[in-house]
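Here is the structure we will look at, set down as structure tokens.
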Amino acid sequence: MAVETEAASPEVAKLPIVVEFSGGLEMLFSDQRRHSLSVPATTSEGKPATVASLIDYLCRNTMKDTRKELFVLDDHLRPGILVLINDADWELEGEEAYEIQSGDNILFVSTLHGG
Amino acid sequence: MAPALCAVCKTERALIKRPKNHQKLCKGCFIQIFEDETHHTIISSGLFYPGEKVAIGASGGKDSTVLASVLKTLNERHKYGLDLVLLSIDEGIKGYRDDSLETVKRNAAQYDMPLKIVGYDELYGWTMDQVVETIGKKGNCTYCGVFRRQALDRGSKMLGIKHVVTGHNADDVAETVLMNLLRGDLARLSRATSIVTGSSASDVKRSKPLKYAYEKEIVLYAHHKKLDYFSTECIYSPEAFRGSARTLIKSLERVRPSAILDVVRSGEDMARLVPGQTRDACACKSNTAPAPVAAEEDNGGGCGSANGRSTGGEMAAMEKQLRENEKAAEGMLETEITMAKPTEKGSQPNRQPQSEKEPKTSSITVPIIKKQKLGSCERCGYMSSQKLCQACMLLEGLNKNRPEIQI
């Protein structure tokens, strides 16, 4: 996963996106389902932001819970968490390599939780 | 990436990639296929008869919510003639079950089904909150699992219903297969793969119509149909879902999505090699297998979500019980094994006696460990292989305030 510098410098362009969590993942993100975020359009290496860099960004900036391992395992999204990019399975969109576009809606759904 | 089109209708944009065959489907075609496949499972295993009253074990979670929704749809579409009822168990856990029961109440209205809620307090005189207050958090899942198992049966009886369907999915079954494989417990593995358990000798039979449905597709079905479900972790085992078998299954799926159904099918094939086990609803079972008791003990532990999502403590408890089972089966085992070679320490009870000198036998002889005889609990009358059923044993311990009791 691409590594991003802490607190992106102000001149970096931002992408407005909506990130949603459901299926129990809300609990890792302040019990809030919908997060309107403005994420850096490029990584510290100057590459376009991808789902991989978004996951990293979420861990660093959005997640207040300390149990990061419930979201990320071995530097990748934890198996059993589904990602829908504008309602489409991320497996159809290139998974972690998908380049984030302005206005995207990215939904993380856990299949791991019971009920 | 250019958006892919649905492989079926070839007009809509594909939104789903099916784990089992990589097929790309649009929302409408996916929903249709998911329902058709569930229908196929129901028909091919002769799960229901017309006019049958069926209770849906409903927790408010994704699996049981999808099950209720799909069964309602199929019952109307294919005229099963089923009388569907939602049956929920209230363990008495504040801040957990009371919230999910609200979801079930909404589901009852949405699906126009009657709802019956059975509480641990009325059945056992203890809520889980009180149990945890007495014994602490450690090991409480065992109590909850044993109580729930009976509660579904007792709730069904109150409603005069003899068939409970549960939302167990392919991932759950694969996980159970792997766990039992790792333990060398073929008998249990066999029971876990059956779509119907506890059939003829039991008052209430269980079945899992979503047995072949991937958890991923269940979640996507719920998402695309905008079903109202509740997902949280039980406050007493907040990390129960990190069970190692679960993690293994999900990691396998990531590498090769068909692995889950492959494990389920392997489990079914292995089950066929286990003699004396129930073959689903088939009545021709051998007289050695008291299926209901066995089935009852399948889910001996297990937290709210599904079987096998176990905590370490629960695993340890099961291991202990398994060791006791082995001990109990030892007499029989030795006669089996000494035929071929001297007994080894720690040999597994289910191991097929290997005798390479005589490869003639066409039938496979796996020693059957069956020490239980079907009777009823002398305290509550519930079916049990012991004098007291598991629930009454645990209750006795609780009532004496001796939480150390092990099942």
Which one of B/His22, B/Lys27, B/Arg13 has the most heavy-atom pairs closer than 4.5 Å to chain A?
B/Arg13
Less than 4.5 Å to any heavy atom of chain B: does that hold for the side chain of A/Leu107, its backbone, both, or neither?
side chain
Quick one: what part of B/His223 sits under 4.5 Å from any heavy atom of chain A, side chain, backbone, both or neither?
side chain
Does the plane of the ring in B/Phe34 sit parallel, tilted or perpendicular to the ring in B/Phe30? Use 30° and 60° as the thresholds.
tilted
When rounded to the nearest 0.5 Å, the distance separating CD of A/Glu95 from CH2 of A/Trp90 is 5.5 Å
Step by step, would you call B/Thr166 with B/Ser64 a side chain to side chain contact (heavy atoms under 4.5 Å, CB included)?
CA-CA 7 Å; B/Thr166 57; B/Ser64 58; over 6 Å; no
Donor on one side chain, acceptor on other, B/Asp63 and B/Asn169, under 3.5 Å
yes
Would you mind telling me which of A/Asp87, A/Leu84, A/Val109 has the largest number of heavy-atom pairs within less than 4.5 Å of chain B?
A/Asp87
